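Take a look at the structure set out below.
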Amino acid sequence: MKIEPKNLSAQLNYEARGNPPGAHPASAVGNFFPGLEFNFLSAWRRIFIGIEINESSGDVMAVDADTAPAEARKLVGFQLVGVDVQVVNGEVTGGIPIQASVIGPNQDTPPKEAVLGQIYLEWGNALAKLHQEKGGTGQPVLCLFQHPDTGERRQVSLQVRKLFEPDSALIARTAVQPGELTQSLCSPWQTDFVGCACYYWAANRPDYINLWDKKDGSHGGGHNWLNPSRHSKLDPESGEYKPFYTLESAKTLKHEDIMRLQDWETRLHFVIGGKDEE
């Protein structure tokens, strides 16, 4: 298949001085989250005409007074909890699942399976069919919003935006503003080191450090790199306090800690040979 670029810079294949090879479409690796060339999640934020939503949390971030229906103009601060729902006898039913329960062992002894929380599904999967069927058709879908503090719920009918230009693979100009496709790309010392976990990202962002082994040869423990206080607990076998790994949100760094605070660089440790630098 021959690709015919629509924008002039792509047609000229112009290479600006200083741009690395990875900045050009010809060398794209196809990874758009968290993104090495562009972040298509920026388009999903305007999947519903008139409002702007944070795709990863469902928060309504902004409302366009010119295109939003009247009942949607006070949705800032609410969260999207239901898409294409139905109301039967005053009860909200059906709809497209956009959240999933996180199920795992709890703190009991022995551990029991429990619901640990909820996460938003990636809209590229959850809303793909909705976009295909109703994007750009003008057909309204009933969406359910809830305020995280008060619990107030609001039902609003919204139209689904077509995220691509007609008969084209070009991202719609109404879906993203200039600069938005690249504004959330990787920031190696900040966003990436918090967002990309589970032993996935680069070696200079370790997950498990300060490892130690028990005398019997079995694994002992270590630290989560994002645990700033490097918590320890008593090892009954040795009688010493040893590092332990934790994913508790209260004990690990958050995006806000290393993006909004002035001393963010003091919260990131250098690791040499698997150990914290001394």
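Here the structure is a predicted model, which means the values were calculated and not measured.
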Side chains of [X] and [Y]: closer than 4.5 Å at any heavy-atom pair?
X: Q139; Y: K134; result: yes
X: V141; Y: L130; result: yes
X: K214; Y: H219; result: no
X: Y241; Y: D235; result: no
X: I51; Y: F145; result: yes
X: D84; Y: L142; result: no
X: I53; Y: I47; result: no

If you take all heavy atoms of [X] and [Y], which pair is closest and at what distance?
X: L121; Y: A126; answer: CB-CB, 4.1 Å
X: L80; Y: C143; answer: CD1-CB, 3.9 Å
X: S157; Y: P69; answer: O-CG, 3.7 Å
X: L144; Y: R153; answer: CD2-NH1, 3.8 Å
X: A43; Y: I171; answer: CB-CG2, 4.3 Å
X: A72; Y: L158; answer: CB-CD2, 4.2 Å

Going from [atom1] on [X] to [atom2] on [Y], what distance comes out if it is rounded to the nearest 0.5 angstrom?
X: D149; Y: Q79; atom1: CG; atom2: CD; value: 9.0 Å
X: I209; Y: L226; atom1: CD1; atom2: CG; value: 9.0 Å
X: Y120; Y: Q99; atom1: OH; atom2: CD; value: 4.0 Å

Without swapping roles, check the side chain of [X] against the backbone of [Y] for a donor-acceptor pair under 3.5 Å.
X: K251; Y: R230; result: no
X: S238; Y: E240; result: yes
X: N224; Y: T246; result: yes
X: E165; Y: R173; result: yes
X: N54; Y: V60; result: no
X: H223; Y: H231; result: yes
X: H131; Y: L163; result: yes
X: R73; Y: A68; result: yes

Check your understanding: Are L247 and L211 co-members of a hydrophobic cluster defined by side-chain heavy atoms under 4.5 Å apart?
Key ->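 Yes.
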Point to revise | Ring centre gap for F164 and F40 strictly below 6.0 Å | key: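 Aromatic pair counts; centres sit under 6.0 Å.
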Check this for me, if you would: do [X] and [Y] make a salt bridge, where the nitrogen-to-carboxylate-oxygen distance has to be below 4.0 angstrom?
X: E180; Y: R46; answer: yes
X: R154; Y: E71; answer: no
X: E55; Y: R45; answer: no

Review point. Can you list the steps and then say if I96 with L127 is a side-chain contact (heavy atoms from CB on, under 4.5 Å)?
Key: CA-CA 8 Å; I96 300 172; L127 300 184; 4.1 Å; yes
Point to revise | Mutual orientation of the aromatic rings belonging to F48 and W123 [parallel < 30°, tilted 30-60°, perpendicular > 60°] | key: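 F48 and W123: perpendicular rings.
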Point to revise | Within 6.0 angstrom of K275 NZ, more than 12 heavy atoms from elsewhere | key: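 It does: K275 NZ has more than 12 such atoms within range.
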**Study point:** Heavy-atom neighbours of E152 CD exceed 12 at 6.0 Å
**Key:**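 Check passes, neighbour count above 12.
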Exercise for review: With sequence neighbours excluded, tell me which residues meet ring-ring contact (aromatic ring centres under 6.0 Å, His included) with H147.
Suggested key: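 H147: ring-ring contact (aromatic ring centres under 6.0 Å, His included) contacts with F78.
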